[in-house]
Amino acid sequence: MTRSELDFGGLTAIPALIDPHVHFRAPGGEQKEDWETASVAAIHGGITTVLDMPNNTPPCTTLRAVEEKKKLIDAQLKSADIPLRYGLYFGADKDHFDQISGASGSCVALKIFMGCSTGGLVIDDDEALDEAFRLAAEANMLVAVHAEDEALLARKREEFAGASDPAVHSQMRPKEAAIRATTKAIALARKHGARLYILHMSTLEEVALVRAAKQEGLQVYAEATTHHLFLSEDDYAEFGTLVQMNPPLRSKEDQEALWEGIRDGTIDTIGTDHAPHTLEEKNQPFGKAPSGIPGVETLLPLLLDAVYHGQLTLDRMIDLTHSNPQKIFNLPPNDDIVLVDLERELTVTDEMIKSKCGWTPYRGRTLRGWPEYVILDGRAYSITRRTLEEKQQSEDCQHGAQGSAPAV
Ligand code: DOR
Ligand code: ZN
C-alpha cells in the first residue's frame, strides 16, 4: 500500500510504520519500560510493528529465553489491550551458537554486538564472529550488527577514564570504531554469503562502504536512527548525558551524509533505537549515566516535519518506514494504517510522552505533521496528547473515551 489519495476529512492515510529497532526492556528492565507502556507509545508514534532487541535480563540468547520473552510480551500486550505486532532478535552469544539454526524460524535476525553497549552481550573475537556469520548464513538468517570495534572501544575507555564532560562520549566511541566494525562485517557477509543489516549507521564513511557493497551486489542493508538524523554532537551542550547513546552522536557532516544516503537509497530503513532509561538514571554524572534515548513517539512527527521542509518525499518516507523493513525482515503484509494531519503544528513536550521514561530529547521542537488515528488489525485508535496549551487545563482522555475509536 502506498499513500492514499482518499480524503479522510483532511487527513492523509499512510501505511502504519514498522520500527525495526526497539528495546522495550522486558524482561528485566521494567523500571524503564514494559510492553504496556511501550505499546501505547508506539501507537502514539503511528507504529504498529516493532522488532525488539535481545539485551534483556536475562539476555535473549537461547530458544528457551525467546519462548519466555514471548509469553511475557503477550501477557503485557493483553493487559494493554493493544495487539502490537512484534518480532524478536536472537542475541549472539558464544555459549549458545548451537541454537542459532533453531532460532532462524522464530526470530527476525541474529543480533551481534561487535562492541559492548547496554547489557553484557558482545562478540569481540574474530574467530567467534566468523563462526556466527557462517552459522547465520547456513540457517538463512539475517545478521544484524551493532558495528563498533570492541578492541578500539576498550583502548578509548582507558584513555578517557575519569572524563566528566558528556561530549567526550563521541571521542570514547570514535568514528574509527564504527568504520572498522562495518568494514569487517561487510567482509564477513561477502565471505559467507550472509545477508547483513547494519544497525544505527552513524558515519559518512560507513555510508560510502554500504554504497559500494550494494554496487558490488552484496545483500547489505543499512539503518539510520532518528537521533543520528536529527541530533548531532552540538546537542551535548544543551542535553548532556540525555543525548548519550551508542553509537554516539556525530558531526553535522556525518549527519548530512546520512541524509544523502536516505535520498539515494543507500540507507534502507529508519529505526528509533528506542532505548529508554529513567530520568534519574540519565541524570547521573557522565561515566555512570547509561546510553540510550526513547524515540517511538517522535519518529513520525520528525519525519513528517522533514518532508514538509523538503528533506525527503512522503513516498520515500514510506519506503524507509514500511516497505523496506517489511521486505528486509520478511514480515507478513498487513493493512494497518496511520491517518496523519500534515498541517498540524505542535511543540513536543515531556508531558506528551507515553513511554514509561516520560522524557524526550526533542522537547521544545515545533514539528509540522502528526499522527491522529491508527488502525491496527482493523481497530481504530484515536491519539490524544496534551499540547502545550492544554497542559495546564485538562487531564488526558481515558482509554475508550471516544466511541469506537478508543483514545490512547
Ligand atoms: O545507546 C544505546 N542504548 N545503544 C545500544 O546499543 C543499546 C541501547 C540500550 O539498550 O540502552
Ligand atoms: Zn539498539
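Whatever order the structure lists them in is the order used to number ligands and atoms, beginning at 1. Everything quoted here is computed from the prediction, not taken from an experiment.
At a 3.5 angstrom cut-off on N or O pairs, Asn55 counts as close to ligand 1.
Heavy-atom contacts of Ala275 reach the following atoms of ligand 1: 3 (N), 8 (C), 9 (C), 11 (O) (cutoff under 4.0 Å). Contact atoms of ligand 1 toward His146: 6 (O) (distance under 4.0 Å to a heavy atom of the residue). For ligand 1 and Met245, the ligand atoms under 4.0 Å from any heavy atom of the residue are 1 (O).
Among all protein heavy atoms, the one lying closest to atom 9 (C) of ligand 1 is Thr118 OG1, 3.2 Å. The closest protein non-hydrogen atom to atom 3 (N) of ligand 1 is Ser291 O, 3.0 Å. Shortest contact from atom 1 (O) of ligand 1 to any protein heavy atom: Asn246 N, 2.8 Å.
Using a cut-off of 2.8 Å, one finds that His200 contributes no N/O/S atom close to the Zn ion (ligand 2).
A salt bridge links Arg263 with Glu256: the distance from a Lys NZ or Arg NE/NH1/NH2 to an Asp or Glu carboxylate oxygen falls below 4.0 Å. Under a 4.0 Å N-O distance rule, the pair Glu158/Arg155 does not qualify as a salt bridge. One finds a salt bridge joining Arg368 and Glu345 here, because a Lys/Arg side-chain nitrogen approaches an Asp/Glu carboxylate oxygen to under 4.0 Å. Salt-bridge annotation for Asp126 and Lys184: present, with a side-chain N of the basic residue lying under 4.0 Å from a carboxylate O of the acidic one. Between Lys71 and Asp74, no side-chain nitrogen of the basic residue sits less than 4.0 Å from a carboxylate oxygen of the acidic one, so the salt-bridge criterion is not met.
At a 4.0 Å heavy-atom cut-off, ligand 1 touches Ser117 through the side chain alone. Counting heavy atoms closer than 4.0 Å to ligand 1, residue His277 contributes side-chain atoms (C-beta onward) but none from N, CA, C or O.
Here the angle at the Zn ion (ligand 2) defined by OD1 in Asp273 and NE2 in His21 stands at 90°, rounded to 10 degrees.
Rounding to the nearest 0.5 Å gives a distance of 11.0 Å between CH2 of Trp35 and OG1 of Thr37.
The closest side-chain donor-acceptor pair between Thr62 and Gln99, if any, does not fall under 3.5 angstrom.
For the residues His21, Arg25, Met53, His169, the heavy atom positioned nearest atom 11 (O) of ligand 1 is part of Arg25.
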Output, in order, the C-alpha distance, side-chain angles, deciding distance and verdict of side-chain hydrogen bond (donor to acceptor under 3.5 Å, both in side chains) for His23 and Asn55.
CA-CA 8 Å; His23 300 257; Asn55 56 334; 2.8 Å; yes
